[in-house]
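These notes are about the structure you will find just below.
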Amino acid sequence: MYSANISFDTKQSLEVSIKEIAVFRLFLILLSDSFIPLPSELIIYSKDTKLIEQHSNTTIWLNHNRLRYPTRENKPFLIVYEDIENDFEIIWNSWVNFYEQPLNSPMIELIYQIISNESVGLNRFLNICQALEVSSTQCRNEECKDLLNFLKSNKLTTAKKITLQMRIQDLLILNNEILSYSDDEIYELSSDIADLRNYYTHYDPSRQRKLEENYSNIKDVYTKFDHTLYSLLLATIYKEIDVPVLIVKNSLTNFEARFGKTLQDLFEGPD
């Protein structure tokens, strides 16, 4: 069981207070890579009764689930406070600024659905692709234009405008100090991911044939890209809110197994 205390330097209305709690909760969801429900109970402390032993009797019920106490899973955060305590103020301010940008609203909604497991399977794959595309469109247009010109000058593309493949390729290059792929791997991954997303968006038979030549059954392909895409999404956001690169890299190292054995280990057993 974890708890958090939020205090304000100035007097705030109840509406503003609840909004700040919601913003802080989403920040924790992002750092933990785990769904964190809203608290059922919010206790308001007056200025002269800050200690728990002396708290006021003002209590607000945010959810009517006082009689239902679901078991909480004891999962560690991807990034714990001790990792970022020296940079916490910078990271928090960057997160608030990121959150308050209207153009980031679609990506924040997608991230919430992905992390809270409302988005699974093929829908998860499509949502991660969309979140990355939105991020690239908002923050990396000039870099993607440069990549388009580079690919055209080296006769590596006949595209006349920026494609999803280029946006994924650019983000993989941007985060390669964290994810560590070779140039060939970056190009192949970005091409196959874009082909798969575009196949499910437009159902192009030629893309299906190409993917099945490389990966056999197309229905299983998106699961092969889940780790790469999700790591890329988290790395992109963590860097955007100024989490130090080394912390991001360490947090994403073997993060699939941080709760113990992976599903693959459980089903296939040890070597």
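Under the 4.5 Å side-chain heavy-atom criterion for Ile, Leu, Val, Met, Phe, Trp and Tyr, Leu172 and Leu174 are members of the same hydrophobic cluster. At a threshold of 4.5 Å between side-chain heavy atoms, the hydrophobic network of Ile, Leu, Val, Met, Phe, Trp and Tyr places Phe150 and Ile168 in two separate groups. Clustering ILVMFWY residues whenever any of their side-chain heavy atoms sit less than 4.5 angstrom apart, transitively, puts Ile247 in a cluster other than the one holding Ile90. Ile237 and Leu171 end up in the same hydrophobic cluster when Ile, Leu, Val, Met, Phe, Trp and Tyr side chains are linked at under 4.5 Å. One hydrophobic cluster, built from ILVMFWY side chains closer than 4.5 Å, cannot hold both Ile91 and Leu246; they sit in different ones.
Salt-bridge check for Glu133 with Arg140: failed, with every basic side-chain N at 4.0 Å or more from each acidic carboxylate O.
Between Glu89 and Asn93 the shortest side-chain heavy-atom distance falls below 4.5 Å. Side-chain contact between Asn198 and Leu196 is absent, with no heavy-atom pair separated by less than 4.5 Å. Side chains of Thr158 and Lys152 form no contact here, defined as non-hydrogen atoms less than 4.5 Å apart. Using a 4.5 Å cut-off on side-chain heavy atoms (C-beta onward), Asp87 and Pro244 make contact. Inter-residue side-chain proximity for Phe125 and Asp226 is flagged as unmet; no heavy-atom pair is nearer than 4.5 Å. Contact of the Ile111 side chain with the Asn127 side chain is not registered, since no non-hydrogen atoms from C-beta on lie closer than 4.5 Å. Side-chain contact check for Leu189 versus Gln169: every heavy-atom pair is 4.5 Å or farther apart. When side chains are defined from C-beta on, Ile114 counts as touching Ile128, because their heavy atoms get closer than 4.5 Å.
Side-chain atoms of Ser135 never come within 3.5 Å of backbone atoms of Ala131 as a donor-acceptor pair (strictly under, hydrogens ignored). Counting only distance, with no hydrogens or angles, the side chain of Tyr238 and the backbone of Leu30 share a donor-acceptor pair below 3.5 Å. Listed for the Ser105 side chain is a donor-acceptor partner under 3.5 Å among the backbone atoms of Pro102. Under a 3.5 Å cut-off, the side chain of Thr228 and the backbone N or O of Phe225 do not form any donor-acceptor pair. Judged by distance alone, the side chain of Ser136 and the main-chain N or O of Leu132 form no donor-acceptor pair under 3.5 Å.
Between Cys139 atom SG and Asn104 atom CG the span is 6.5 Å, to the nearest 0.5 Å. Atom CD of residue Glu185 and atom CG of residue Leu179 lie 11.0 Å apart, to the nearest 0.5 angstrom. Annotation: the span from Glu240 atom CD to Gln101 atom CD amounts to 9.5 Å, rounded to 0.5 Å.
Scanning all heavy atoms of the two residues, the minimum distance from Leu126 to Tyr200 falls at CD2-CB, 4.2 Å. Contact between Val248 and Ala235 at its shortest, heavy atoms only, is CG1-CA, 4.0 Å. Of all non-hydrogen atoms in Trp95 and Leu26, the two that sit nearest each other are CZ2-CG, 3.8 Å. Shown here for Ala159 and Thr163, the closest heavy-atom pair between the two residues is CB-CG2, 3.9 Å. Scanning all heavy atoms of the two residues, the minimum distance from Ile29 to Tyr112 falls at CD1-CE1, 4.0 Å.
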For the pair Met107 and Phe98, evaluate side-chain contact (heavy atoms from CB on, under 4.5 Å) and give the outcome as yes or no after the intermediate values.
CA-CA 10 Å; Met107 184 163 56; Phe98 179 86; 3.2 Å; yes

Apply side-chain contact (heavy atoms from CB on, under 4.5 Å) to residues Asp83 and Asn250 and explain how you reach the verdict.
CA-CA 10 Å; Asp83 292 336; Asn250 290 340; over 6 Å; no

Can you check side-chain contact (heavy atoms from CB on, under 4.5 Å) on Leu147 and Glu143, steps first, answer last?
CA-CA 6 Å; Leu147 179 58; Glu143 291 81 358; over 6 Å; no

Applying side-chain contact (heavy atoms from CB on, under 4.5 Å) to Ile193 and Cys129, what does each step give before you reach the verdict?
CA-CA 8 Å; Ile193 288 168; Cys129 286; 3.9 Å; yes

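Residues meeting the side chain to side chain contact (heavy atoms under 4.5 Å, CB included) test with Ile162, sequence neighbours left out: Asn141, Cys144, Lys145, Leu148, Met166, Arg167. Residues passing the side-chain hydrogen bond (donor to acceptor under 3.5 Å, both in side chains) test with Asp242 are Ser94, sequence neighbours excluded.
The local environment of CG in Asp183 is sparse, with at most 12 non-hydrogen atoms from other residues, nucleotides or ligands closer than 6.0 Å.
Trp92 pairs with exactly one of Tyr99, Phe27, Tyr81 by the ring-ring contact (aromatic ring centres under 6.0 Å, His included) rule, that one being Phe27.
Cation-pi geometry between Arg124 and Tyr230 is met: under 6.0 angstrom from the ring centre, within 45 degrees of the axis.
Using modelled atom types and a 3.5 Å distance limit, the side chains of Asn175 and Thr236 yield a donor-acceptor pair.
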